[in-house]
Asker: 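Encoded as structure tokens, here's the structure I'll be asking about.
Start at 1 and go down the list; that is how both ligands and their atoms are numbered. This is a predicted model, so every value here is computed, not measured. The analysis underlying the following values was restricted to heavy atoms, covering all of them including side chains, and did not include hydrogens, waters or symmetry mates.
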Amino acid sequence: MQSKSESGLHVAIIMDGNGRWATRRGLPRVAGHRAGVAAVRRIVEHAPELSVFVLTLHAFSSDNWARPAQEVQSIFWIIRAFLRLECDRLRQQGVHLEVIGRRDRIPAPLLREIERTESATANGHGLKLRIAIDYSSRTAIADAAVAATNDPNLNRPLTSEHMRTILAHALKSNCGDVDLLIRTGGEQRLSDFLLWESAYAELAFTDRMWPDFAESDLASALSDFNHRERRFGGIPAASVQPISILSRRTR
Ligand code: FPP
């Protein structure tokens, strides 16, 4: 059962397994990241026809700074090249690109390319493509809470309910909650990705390494998703008993 059938689904993907994909082929890890770009292209192209309206891809987590500097530089270089080469195609496809995460540590040439692509695709009415770079969900939540606390225009004291509304608005940036979160590469964890937005996400873990992830894998994950019953804490509609039955039983 899809929750946002009118507008489409929000699918988030933790693109894991690039390094192992390359190592198994006797290639340097960076070859896996390069091969991962082709998978990004495939999924971006086919997502809309599978009713995906928002696609959030985890490209570089704030914890990925712990990797060797050369690998970090290569990932940034690869993302920059992707944006430069794909910008026109993204625009033609009606994609609206937005990068989420910290921007103050992103190297200037990549940041320029991000800003250029964001502005070139700003009028896209098709797929909303969000790429997470230097992203930490805990940091995003903490930053939004600090901003709310320091906002002189908000009524004091801030209640928990009010803070929930503020955070939900700040974090989802009109994209809605995540409906389906997919992680490739065989690990089964969330790795500080979209923790707030995935409160009721369905989770799908696959052993497929990201460079091998094809549109058929996305279609299969969505088909499985469509058979899941999403209750959001409620009970299945078929289990709701008429009040008359309930009162008879408790008599
Ligand atoms: C995780 O695999 C992958 C990354 C940290 C980088 C993801 C980047 C890309 C797919 C490049 C293209 C991205 C865009 C948006 C164009 P890993 O290196 O942790 O794999 P491992 O677990 O096998 O070591």
Side-chain angles (χ1 to χ4, degrees), residues 11-47 52 54-91 93 95-103 105-107 109-118 120-121 124 127-137 181-194 205-215 217-218:
V11 171
I13 307 182
I14 300 176
M15 308 181 287
D16 197 12
N18 292 351
R20 278 164 290 158
W21 182 93
T23 308
R24 286 172 192 174
R25 286 163 175 76
L27 299 169
R29 289 176 55 82
V30 66
H33 299 315
R34 260 191 245 115
V37 174
V40 169
R41 224 182 276 122
R42 277 196 296 277
I43 297 311
V44 167
E45 189 175 333
H46 290 282
V52 177
V54 181
L55 178 66
T56 307
L57 300 176
H58 204 2
F60 186 85
S61 90
S62 295
D63 291 326
N64 289 148
W65 287 107
R67 295 184 178 210
Q70 212 181 358
E71 180 169 340
V72 171
Q73 273 174 19
S74 299
I75 293 174
F76 289 157
W77 193 92
I78 287 168
I79 298 174
R80 184 176 155 221
F82 168 82
L83 295 175
R84 203 177 45 227
L85 296 172
E86 295 293 316
C87 183
D88 284 346
R89 197 147 86 136
L90 292 174
R91 213 177 35 206
Q93 291 170 337
V95 170
H96 175 191
L97 177 102
E98 183 194 359
V99 168
I100 58 171
R102 284 180 66 166
R103 296 200 174 201
R105 300 188 290 191
I106 293 181
L110 173 56
L111 191 56
R112 272 198 299 276
E113 208 58 53
I114 289 171
E115 289 169 353
R116 200 178 71 86
T117 316
E118 283 180 333
T121 62
L127 179 72
K128 173 103 189 229
L129 173 62
R130 305 197 311 160
I131 300 181
I133 302 176
D134 197 358
Y135 176 82
S136 151
S137 185
L181 190 150
I182 300 171
R183 182 178 188 136
T184 61
E187 309 291 350
Q188 303 196 353
R189 51 177 174 259
L190 298 179
S191 299
D192 197 11
F193 186 48
L194 303 177
F205 300 104
T206 166
D207 289 336
R208 190 86 76 215
M209 300 293 141
W210 175 251
D212 290 330
F213 195 77
E215 55 271 28
D217 295 309
L218 179 61

Asker: Are any of the side-chain nitrogens in R42 or E45 under 4.0 Å away from the carboxylate oxygens of its partner?
Answerer: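 The answer is no: the pair does not qualify as a salt bridge.
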Asker: Evaluate the ring planes of H58 and F193, with Trp represented by its six-membered ring, and classify them as parallel (under 30°), tilted (30 to 60°) or perpendicular (over 60°).
Answerer: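 H58 and F193: parallel rings.
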Asker: Which ligand 1 atoms, with their elements, are less than 4.0 angstrom from a heavy-atom of V37?
Answerer: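 Those atoms are 12 (C).
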Asker: Is it the case that over 12 heavy atoms from other parts of the model lie below 6.0 angstrom from the CD atom of Q70?
Answerer: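 12 or below, so no.
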Asker: Report, as yes or no, whether the 6.0 Å neighbourhood of atom CZ on R208 holds more than 12 heavy atoms from other residues, nucleotides or ligands.
Answerer: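 At most 12 heavy atoms, drawn from other residues, nucleotides or ligands, come within 6.0 Å of this atom.
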Asker: Near H33, which atoms of ligand 1 are under 4.0 Å from a heavy atom of that residue?
Answerer: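 Answer for ligand 1: 4 (C), 6 (C), 11 (C), 18 (O).
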Asker: From the options I14, T23, N18, V30, select the one whose nearest heavy atom is closest to atom 10 (C) of ligand 1.
Answerer: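 Nearest option to atom 10 (C) of ligand 1, by heavy atoms: N18.
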Asker: For the 3.5 Å polar cut-off, considering only N or O atoms, please tell me whether I78 and ligand 1 meet it.
Answerer: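 In this structure, I78 places no N or O atom under 3.5 Å from an N or O of ligand 1.
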Asker: Counting each atom of ligand 1 from 1 as listed, which ones have a heavy atom of N64 under 4.0 Å away?
Answerer: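 Contacts of ligand 1 toward N64, numbered from 1: 5 (C).
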Asker: Going by distance alone, is a donor N or O of one side chain under 3.5 Å from an acceptor N or O of the other, for D16 and T184?
Answerer: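 D16 vs T184: no donor-acceptor pair found between side chains.
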Asker: Atom 19 (O) of ligand 1: which of R67, R20, E187, M209 has the nearest heavy atom?
Answerer: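 Comparing heavy atoms across R67, R20, E187, M209, the nearest one to atom 19 (O) of ligand 1 lies in R67.
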Asker: Is the closest N or O pair between I131 and ligand 1 shorter than 3.5 Å?
Answerer: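 No, no N or O pair falls under 3.5 Å.
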Asker: I need the atoms of ligand 1 closer than 4.0 Å to a non-hydrogen atom of D16, numbered in the order shown.
Answerer: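 Heavy-atom distances to D16 below 4.0 Å select 1 (C), 2 (O), 17 (P), 19 (O), 20 (O), 21 (P), 22 (O).
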Asker: Tell me whether R29 reaches ligand 1 (any heavy atom closer than 4.0 angstrom to a ligand atom).
Answerer: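 The answer is yes: ligand 1 sits under 4.0 Å from a heavy atom of R29.
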Asker: Check the pair I131, I114 against side-chain contact (heavy atoms from CB on, under 4.5 Å), reporting the backbone distance first and the verdict last.
Answerer: CA-CA 10 Å; I131 300 181; I114 289 171; over 6 Å; no
Asker: Would you mind reporting whether V99 and T117 have side-chain heavy atoms less than 4.5 Å apart?
Answerer: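 A side-chain contact under 4.5 Å is absent here.
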Asker: At less than 4.0 angstrom from any non-hydrogen atom of F82, what atoms of ligand 1 do you find?
Answerer: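 Here the atoms of ligand 1 in question are 16 (C).
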Asker: Looking only at heavy atoms, what is the nearest atom pair of P211 and G32, with distance?
Answerer: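 So the two residues come closest at CG-O, 3.7 Å.
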Asker: Can you tell me the protein heavy atom closest to atom 6 (C) of ligand 1 and the distance?
Answerer: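 Answer for atom 6 (C) of ligand 1: A59 O, 3.2 Å.
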Asker: Under 4.0 Å from a heavy atom of M15: which atoms of ligand 1 are those, numbered in the order shown and with their elements?
Answerer: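 Selected atoms, number and element: 1 (C), 2 (O), 3 (C), 10 (C).
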Asker: For atom 14 (C) of ligand 1, find the nearest protein heavy atom and state the residue, atom name and distance (0.1 Å precision).
Answerer: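 In this structure, atom 14 (C) of ligand 1 has V40 CG2, 4.0 Å as its nearest protein heavy atom.
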Asker: Give the intermediate values and the outcome of salt bridge (Lys or Arg N to Asp or Glu O under 4.0 Å) for residues R112 and E115.
Answerer: CA-CA 5 Å; R112 272 198 299 276; E115 289 169 353; over 6 Å; no
